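These notes concern the structure reproduced below.
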Amino acid sequence: MSNDRYRVMEVAAVPGWDDEADVVIAGLGAAGVCAAIEARLAGADVLVLERASGGGGLTSSAAGHLYLGGGTRVQKAVGVEDSVEDMRQYLIHNTPEPELDKIDLYCEQSVNHFDWLVEQGVPFNDTMFPTKHVLQPTDECLIWSGNEEVWPYREHARPAPRGHKVAQEGEHGGSKMMEVLITRAQELGVRVVTEAAVTELVRDGERIAGVRYRSFDEERGVHARRGVVLATGHFTGNDEAIREYCQQLADERVHRQHTPADDGSGIWLGLAAGGEALHMGGALITCPFYPPEQLLKAVLVNREGRRFVPEDSYHSRTSAFITQQPGGVAYLIVDEKIFARPEWGGYEVVDAWESVEEMEHGLELPPGSLVETLRGYNEHAARGEDPELHKGAKWLTPLDTPPFAALDASLGRNAFVGFTLGGLRVSAEGEVLRPDGSPIAGLYAAGACASNIAQDALGYSSGTCIGESTFFGRRAGRHAAGAR
Ligand SMILES: Cc1cc2nc3c(=O)[nH]c(=O)nc-3n(C[C@H](O)[C@H](O)[C@H](O)COP(=O)(O)OP(=O)(O)OC[C@H]3O[C@@H](n4cnc5c(N)ncnc54)[C@H](O)[C@@H]3O)c2cc1C
């Protein structure tokens, strides 16, 4: 899939406009629909162009977690104490290159954003899912969806669960949210054209003044009186771009999760207009070994027989560490007390042994390595300590009850999945920025085609993508509506 078909055209070359609106939005996913609602609420005439035959985007496949905190209605109802400052510190410390102005806004206005979503009709139950899980199978709302309780993050901020799932059972929270928000946008008078793939931006002097889109065999132009918002999603499905920018996902042992529209069109359009892209090598990669949560009491070792990550880390952090081990090889070591089969992802049992020595030999680990790792681990775990990797005390128990088993946690042996996190450099108002930091007049981006908070798998918390898509989508829509 070539990226150079996404271009900028000078207005003089445009044969004529077929339509016009104050704000033109490319893409009707989480970011696009929130931009549309806010622009419309600000009084703008809004037209959304959607490439697929209906809205929803990748968001409709999402579980529907949103990372929100600082004392939301749900947090208060279930007795969770949280503060803006704790949320802020957490996000600052788990982000490789935090953009402080955006993190500040996101945390300060998180409760307000939750309330806004509720006002639009998005349902959240005042409940908390009780165990450590990847995705609650119920319609319960709050879940630990990041590394808040994990070392070193717990040292920087008081931990609080902040994953808010839209009230829908299992994996259908994202589609529920999109159904509600698209209905709301249309009730407000947002116009939507489907089967409309934006392929070109139109420049008038220094300003982006419209777009050209393709619908089946026809090409059309739309004049944007105030602004164009790019909300076209990830570039996970673009082989060429993945090879060029995102080595982690170029690995064929990782299955890329994407829709047919995830070619990164918004990113290439923004670059063609003079913008810059950030964190294009960043990706969410995961292959959870929990639930059940008792497996967090296991020990994860590489092919040298050494531990490399606190096993109570959030699943994407653990998975990213596995991909960095020699050969991508890792084993989850359990004893009889904690043995269980992971609910997701594979993790075949390699074998079971009566002693650690036999297991070490059976896994072909360096002589003495696993024996020494488990001896040290067990000695400290008996005291509720883990001086090596600081696993949380509630997950520490000596693994000393035979038989012992090893589950294959290696890359290539399990269903590692992932998607991109990089996107256009934008201001906190969603303006697309040039490398010198100046905004491109009339051009905005939000959601997965922009870079705001999520940057890599090591620090990722579930809910950040939809959280930031909706939050910064709203800001982009509002600012575009007010732009002259
Ligand atoms: C299985 C799975 C589960 C996930 N669960 C969660 C979760 O629970 N919480 C979370 O925070 N994140 C989750 N994510 C990530 C999250 O879904 C996305 O990051 C987020 O939905 C992106 O929203 P968006 O609006 O930017 O893009 P999308 O929702 O993909 O919307 C983009 C829209 O733009 C359209 N489009 C593309 N190109 C063009 C074009 N040129 N012209 C016109 N239209 C175009 C597309 O068709 C699409 O409708 C999950 C991802 C996966 C794969």
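Whatever order the structure lists them in is the order used to number ligands and atoms, beginning at 1. Bear in mind the structure is a predicted one, so any value in this text is a computation, not a measurement.
Residues that satisfy the side chain to side chain donor-acceptor pair (under 3.5 Å) test with K132, not counting sequence neighbours, are absent from this structure. For E252, the salt bridge (Lys or Arg N to Asp or Glu O under 4.0 Å) criterion is met by no residue, not counting sequence neighbours.
Under the 30°/60° scheme for interplanar angles, the aromatic rings of H133 and F129 are found to stand perpendicular. Y90 and Y153 have perpendicular rings, their planes meeting at more than 60° on a 0 to 90° scale where under 30° would count as parallel.
The environment of CD in Q324 is crowded: more than 12 heavy-atom neighbours from other residues, nucleotides or ligands sit within 6.0 Å.
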Which pairs would a plain distance check flag for residues 281-289, meaning a side-chain donor or acceptor within less than 3.5 Å of a matching protein atom at least two apart in sequence or in another chain?
| from | atom 1 | to | atom 2 | distance (Å) |
| --- | --- | --- | --- | --- |
| T286 | OG1 | H315 | ND1 | 2.6 |

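For ligand 1, the 4.0 Å heavy-atom shell contains residues G27, L28, G29, A30, A31, L49, E50, R51, G56, G57, L58, T59, S61, A62, A63, G64, H65, A196, A197, V198, A231, T232, G233, H234, Q257, A261, S265, F419, G447, A448, Y460, G463, T464, C465, I466, S469.
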